[in-house]
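Read the structure below first, then the notes.
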2 protein chains.
Amino acid sequence: MGPNSSPRPTKGSVSNAPSSETCNGPAWNRKIAAVGIARSLTVVPRVLIVWPAQSSRKDRFRSRRSTVARVRFRLVVGSIGSLVLDVTIAPEGQLKLDDDRDASIKIGGGGQAANFCAWSAALGETARLVTRVGDDELGRRLVAEIEAGGVEVKAVLGGEPTGAIAILIGPAGERTFARQERSVLGLRAEEVEEDWFRGLNLLHIPAYSLFAEPLASTVRRAAEIARKDGALLSIDLSSAAGIREYGGAKLALDLTMLRPEIVFASEAEAAELGAPLEGMAKVPVVKLGTRGARVFSRRVPASRVDAVDATGAGDAFAAAFCSAYLDGATPLEAAGRAVLVGAFAVTRMGARP
Amino acid sequence: MGPNSSPRPTKGSVSNAPSSETCNGPAWNRKIAAVGIARSLTVVPRVLIVWPAQSSRKDRFRSRRSTVARVRFRLVVGSIGSLVLDVTIAPEGQLKLDDDRDASIKIGGGGQAANFCAWSAALGETARLVTRVGDDELGRRLVAEIEAGGVEVKAVLGGEPTGAIAILIGPAGERTFARQERSVLGLRAEEVEEDWFRGLNLLHIPAYSLFAEPLASTVRRAAEIARKDGALLSIDLSSAAGIREYGGAKLALDLTMLRPEIVFASEAEAAELGAPLEGMAKVPVVKLGTRGARVFSRRVPASRVDAVDATGAGDAFAAAFCSAYLDGATPLEAAGRAVLVGAFAVTRMGARP
């Protein structure tokens with residue numbers, strides 16, 4: 001049995017879906033068509049398959065009988081990590097100390113976990129974000145914004161100010177980060193409820209969430225609960241600089257312990273790990289940027305687009321991959337959809353759909 | 001006749017106020033008491049004298065007959081210039097290129113003209129802000145925020161994105177600015193209505209609004225209309241670096257042409273001008289930071305406070321000075337009130353009351 005046809009545990013709600021819907025059926029065609037339409041409209045429909053977000057699983061089965069057979073079951077994906085404000089500053093020329101110069105400044109919701117959930121919701125899944133924000137105006141606004149995008153948010157209110165990340169873009173495109181992230185990094189295990197990690201088809205973990213305590217311990221506990229309840233795990237390696245600081249070998253050990261189904265990495269991130277990505281997960285996915293993606297040894301090319309803003313494109317890629325994979329697609333098929341959605345994300349300003 | 005007792009043109013609504021109210025009467029006592037209370041509550045009452053903001057002048061006279069004699073007439077002050085988002089980034093240690101480090105990041109409404117109006121409204125005046133923002137989410141949010149503070153906003157919607165200023169704080173407190181300000185700097189004379197500058201007791205002009213075209217021409221035209229309608233002008237020299245770039249002599253010439261009643265400058269700004277501040281306005285006010293202020297040759301000391309954030313303190317100072325001066329206070333009395341309100345502003349986070 002090749003890796004592309006490996007069986008995998010699926011939630012009852014997924015396996016109950018009509019088989020014609022699990023891979024290339026109308027639901028997916030509608031998704032792809034919607035993304036195609038969205039590319040011309042520059043707006044992604046927030047929810048492509050209408051389903052009450054708050055309904056219990058029992059309700060869903062009841063509802064299903066009254067809906068047409070073509071409606072597939074929505075998957076439930078979750079992520080744990082940061083919900084922050086991204087401030088991207090691109091000065092005209094090199095910014096010097098005590099300088100005063102013109103710049104382009106963009107402001108928008110960000111955070112890898114939050115972006116993954118926002119893209120998952122836009123792709124029609126039920127997405128649940130577990131995060132920690134400050135008890136302040138910014139936190140309330142960020143939560144309201146992502147909830148408006150269809151994401152269910154479980155936000156612990158901490159004493160530290162809500163997260164924000166300033167990204168300074170240099171003249172050659174180099175990125176310098178200043179992070180205010182104590183709020184989410186301080187998420188303690190006793191602050192989250194076990195139920196938040198139950199009923200998931202997949203829990204997506206940005207490696208950022210593994211780099212610092214007490215968040216890392218909380219995430220490991222969440223992964224345990226989710227897996228015991230039948231969820232798959234996917235892990236995104238997040239940042240080559242972050243891995244270097246945390247330690248590649250240490251992260252490789254974390255991955256071995258967490259045993260994710262899917263691992264996402266850029267080439268730089270995979271290199272920092274210092275161990276073959278293939279040994280880290282059942283499905284290792286290397287993101288190649290404009291060149292597409294590589295799954296096992298096969299490359300899936302990306303379509304050429306006019307790049308506007310690459311922020312969040314990796315999260316869009318991961319959300320689309322997970323959605324397709326959970327839906328029954330092979331890893332190569334899932335990668336094909338992921339590069340499509342990732343390329344679409346690059347054509348839009350901001351990290352979110 | 002000494003400079004402290006110079007007569008000045010006042011609007012009908014002001015000169016009609018009971019004489020016991022023009023200087024140290026109950027209205028001012030209430031203001032000072034309110035600021036005193038606010039210092040313990042850390043909240044400034046938005047409006048200290050209740051008066052319908054949208055009522056016509058005719059309505060006011062009608063209303064006046066039915067109110068108690070102690071209520072003084074609200075002054076109407078205006079300002080023209082920027083309404084922006086301030087993003088203040090204080091990294092832990094020196095930020096280096098391609099770096100990734102922890103920081104404190106603060107986000108809030110800013111812009112000298114907007115801050116002046118917000119403080120004026122909090123001090124009980126009717127304040128009108130003329131500005132230009134982008135037709136975007138940030139612009140709508142900034143306008144709504146300052147309107148909620150009691151400011152009447154006349155915002156032209158431009159094609160450029162709404163203004164934002166990133167302020168990087170170095171380890172020794174040095175400030176590096178990256179500015180996205182094309183929106184307000186692009187305010188053209190044909191985009192504003194003459195009526196916006198009528199009915200004012202005072203028009204406050206940040207020198208920032210004189211540094212670039214087409215905004216500078218629009219401001220000069222606005223000043224002409226306001227003055228013809230009986231308003232005083234006050235000018236804040238804004239930024240030593242800005243004056244250096246624009247040219248001290250050029251700004252001195254602008255001031256000579258505009259003939260402001262009041263000019264505000266820090267010592268560094270006054271030095272950049274290259275000409276005695278005394279020749280630039282009837283009332284030259286030098287802001288000395290923690291040491292208070294100097295009017296003509298007399299220094300008014302500031303009270304000692306625990307400084308939290310100095311952003312906007314100069315605008316609070318100017319708003320309080322103008323309010324008191326228009327109300328009949330001598331320049332020295334006005335400076336006394338201004339250092340009080342300026343010191344209060346320093347104890348609070350953000351640029352606004």
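What's counted below: heavy atoms across the whole structure, side chains too, no hydrogens, waters or symmetry copies.
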Set of salt bridge (charged side-chain N to carboxylate O under 4.0 Å, His left out) partners for Asp236(A), sequence neighbours left out: Lys287(A)
Ile107(A) CD1 to Leu85(B) CG distance, which is reported to the nearest 0.5 Å: 4.5 Å
Among Val87(B), Ile89(B), Leu168(B), the one residue meeting side-chain contact (heavy atoms from CB on, under 4.5 Å) with Ile89(A): Ile89(B)
Residues 179-186 of chain A: residues contacting chain B (heavy atom under 4.5 Å, by number): Arg179(A), Gln180(A), Arg182(A)
Toward chain B: residues of residues 206-213 of chain A with heavy atoms under 4.5 Å: none
Contact winner vs chain B - Arg141(A), Lys106(A), Glu137(A), heavy-atom pairs under 4.5 Å: Arg141(A)
Option that, when pairs with chain A are counted at under 4.5 Å, heavy atom only, ranks first among Ser104(B), Ala164(B), Ala103(B): Ala103(B)
Could you list the donor-acceptor pairs under 3.5 angstrom formed by side chains in residues 239-249 of chain A, with sequence neighbours left out?
| unit_1 | atom_1 | unit_2 | atom_2 | d |
| --- | --- | --- | --- | --- |
| Ser239(A) | OG | Ala241(A) | N | 3.4 |
| Ser239(A) | OG | Gly242(A) | N | 2.7 |
| Arg244(A) | NH1 | Glu272(A) | OE2 | 2.7 |
| Tyr246(A) | OH | Asp254(A) | OD2 | 2.6 |

Contact summary for Ile105(A) and Ala166(B), nearest pair of heavy atoms: CD1-N, 3.7 Å
